[in-house]
Every structure is written in structure tokens, then in C-alpha cells.
S.K.: 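First, the structure itself, so that you have it in front of you.
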Amino acid sequence: MRKIYSLFNRDTEPGNRARYGLAQRFLLLLRRVLLFFVFGGLSFLFFYLMVETPSMRELQEENSKLLSQYKILSQRLDDAMEVMQNMQERDDNMYRVVLNAEPVSNEVRNAGYGGTNRYDELMNMDNSQLVVQTTQKMDMLAKQIYIQIKSFDELVKLSREQEEYLRHMPAIQPISNRDLKRTASGYGRRIDPVYKVPKFHNGMDFSCDMRTPVYATADGKVVSTKWKQGYGWTLEIDHGYGYVTRYAHLHSFTVRPGRNVVRGEQIALSGNSGKSTGPHLHYEVIVKGRHVNPINYYFMDLDADGYDEMLRMAENHGKVFD
Ligand SMILES: [Zn+2]
């Protein structure tokens with residue numbers, strides 16, 4: 001029996017020594033085991049913290065590589081977002097202006113950010129700030145791309161409608177330039193060729209030979225081909241969108257009412273019928289029930305010089321054919 005037991009159990013009966021001794025031996029053993037673990041743990045921690053193992057070095061290198069890759073990724077996202085912003089500006093300032101559409105509002109473009117909890121799980125990582133920022137940028141970019149695609153879809157639809165609209169808007173002369181002698185008279189107050197009194201001329205006269213082909217000036221439907229008091233043989237096309245064109249003093253028709261025509265399609269031959277003082281075509285453009293000056297509806301035929309020339313001829317107060 002070692003002294004230490006008798007020291008602890010100085011006053012106990014010798015008969016109890018064996019029993020207490022067993023418990024104490026167990027406690028001692030426990031203490032040794034605990035000490036061993038504490039010491040072992042501390043040494044492990046010490047070596048772990050102080051001594052770099054090859055695998056740790058590898059891990060560290062990998063970590064720093066990852067970090068720099070993350071930074072590059074973040075920068076590239078910045079570049080992509082700049083391109084995106086450029087695209088948004090073009091969308092708002094060019095495409096939407098041309099197609100007469102409202103710009104996409106900032107609320108729509110930037111909706112869905114600023115939630116504080118979305119990136120919480122990422123905040124616990126090392127370098128969390130960088131990871132969170134990069135993830136945020138990625139989310140923003142994805143959202144903005146989605147909105148941009150929607151915007152372009154809408155613009156494609158608008159431009160199709162615009163195309164349709166432009167096809168139905170009077171935009172050429174009803175007589176080919178090569179068949180034209182000269183424009184006898186334009187729109188406005190003129191002296192009536194028959195009654196010799198001032199009268200409003202609500203169309204434009206194209207002086208040309210008898211039986212010169214007359215063309216539809218836009219897509220539409222022929223709604224009437226009939227004799228009209230003063231106008232003689234007259235053809236009317238309804239183009240939709242509020243546009244109607246009228247072709248008068250004709251010789252004959254080459255299409256029937258109800259026929260859908262396209263711009264540039266021949267519809268009649270010019271003549272001298274009705275109240276007319278010479279072979280010519282009288283052409284009217286009516287917008288939502290009101291006569292307008294046809295000179296503003298030749299934009300597909302005339303360049304700037306041609307327009308000036310047409311204006312000069314149309315404004316001269318020379319002979320009116322009516
Ligand atoms: Zn006329």
C-alpha cells in the first residue's frame with residue numbers, strides 16, 4: 001500500500017482501507033486520464049496552431065487562389081453590369097424613344113433587392129463580405145437580364161405593330177414620277193378652274209396622260225369604285241388606322257370594291273371624267289374624317305430635294321384641274 005492512500009485515509013480504520021483505496025485508485029486513474037487528455041489536447045492545439053503541415057500549406061495556397069479568383073470574378077461581374085447599364089440606357093434613350101414607348105422605370109429595374117436576410121448564410125463564411133457582394137451582384141445581374149429581355153420582347157412587338165401601321169399609312173405618290181408631267185396644283189385655297197372663284201382645293205392634282213396607271217399609296221381595302229358628282233369616276237381605299245385615300249377623275253378601275261391592295265399596286269387608269277379641265281389625277285388623303293395636305297404623305301418617294309421641288313410646284317397658283 002502506498003503512502004498516499006494512508007495520507008488521505010489517516011484516520012480511517014484499517015478494515016475500510018481496502019474499500020476506500022479502490023475508489024481512490026479509480027479517482028486517481030480518472031484524474032490521470034483527464035490530465036492525459038487535457039495535456040494531449042493542448043499539445044495537439046499547440047502543434048496545430050504553430051506548426052504548418054504540408055496539407056495545411058496546400059489548403060492555404062488554395063484558399064488564397066480561390067480568394068483572388070473570387071476577386072477577379074467580382075470584377076468581371078462589375079464589367080458585365082456596366083455593359084448591362086449601357087444596354088439599359090440605349091433601351092430607354094433610343095429604342096423606346098423611336099418606338100414611342102415609356103422607359104422602363106427604375107423601380108422595376110431594381111426591384112427585389114435590399115432584402116437583408118437573403119445572404120445571411122453566406123455571412124458566416126470567411127471573406128463573407130466578398131462572397132456576399134459577388135452573390136448580390138450575380139443576383140442583380142440575373143434580374144436585370146430578365147427585365148431587359150422582357151423589355152426587348154415588348155419592343156419587338158411594338159415594332160411589328162409599327163411596321164403594320166406604317167404599311168397602312170399613305171406614303172407614296174399615286175402616279176409614278178416617270179409618268180408625271182408636273183404637279184398642277186396643290187392643297188389649299190385656289191381659283192376654281194370652271195367657276196373662276198376662290199375655292200378650297202382639298203387634294204392634289206397630278207397632271208398626266210390619259211390612262212396612266214394609278215397606284216394604291218398604302219395597304220388597305222378598296223371600299224368604293226363609283227361615279228361621284230364633280231369627281232367623276234372615283235375610287236376610295238380604307239387603310240385602317242383612320243386613313244382613307246381618294247382617287248378621282250379616273251378613266252377606269254383595275255380593281256373591284258372589297259379587294260385588299262398593297263402599297264404600289266395598280267388600282268385604276270387616270271382620265272378626265274367629272275368636273276375636270278384636262279387629263280389629271282385628283283388625289284386626296286383623309287385622316288380620321290378630315291382632309292389633310294397629301295404633300296406630307298409622300299415620304300417614301302421623296303428625298304428632301306424632291307419634297308422641296310414638289311412643294312414649289314404644288315404651291316404655285318397656276319392652272320388648277322380640280
Ligand atoms: Zn384636284
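Just so you know, ligand 1 is whichever comes first in the structure, and atom 1 is the first atom listed for that ligand.
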S.K.: If hydrophobic clusters are built from ILVMFWY residues whose side chains come within less than 4.5 Å, do Ile149 and Met84 share one?
M.R.: yes

S.K.: Do you know which N/O/S atom name in Asp205 is closest to the Zn ion (ligand 1)?
M.R.: OD1

S.K.: Give the atom name of whichever N/O/S atom in His282 sits closest to the Zn ion (ligand 1).
M.R.: ND1

S.K.: Strictly under 2.8 Å, is any N, O or S atom of His249 next to the Zn ion (ligand 1)?
M.R.: no

S.K.: What do you reckon, is CZ of Arg290 surrounded by more than 12 foreign heavy atoms closer than 6.0 Å?
M.R.: no

S.K.: Please report the interatomic distance NE2(His280) to CZ(Phe206), rounded to the nearest 0.5 Å.
M.R.: 10.5 Å

S.K.: Measure centre to centre between the rings of Tyr231 and His282, then say whether the value is under 6.0 Å.
M.R.: yes

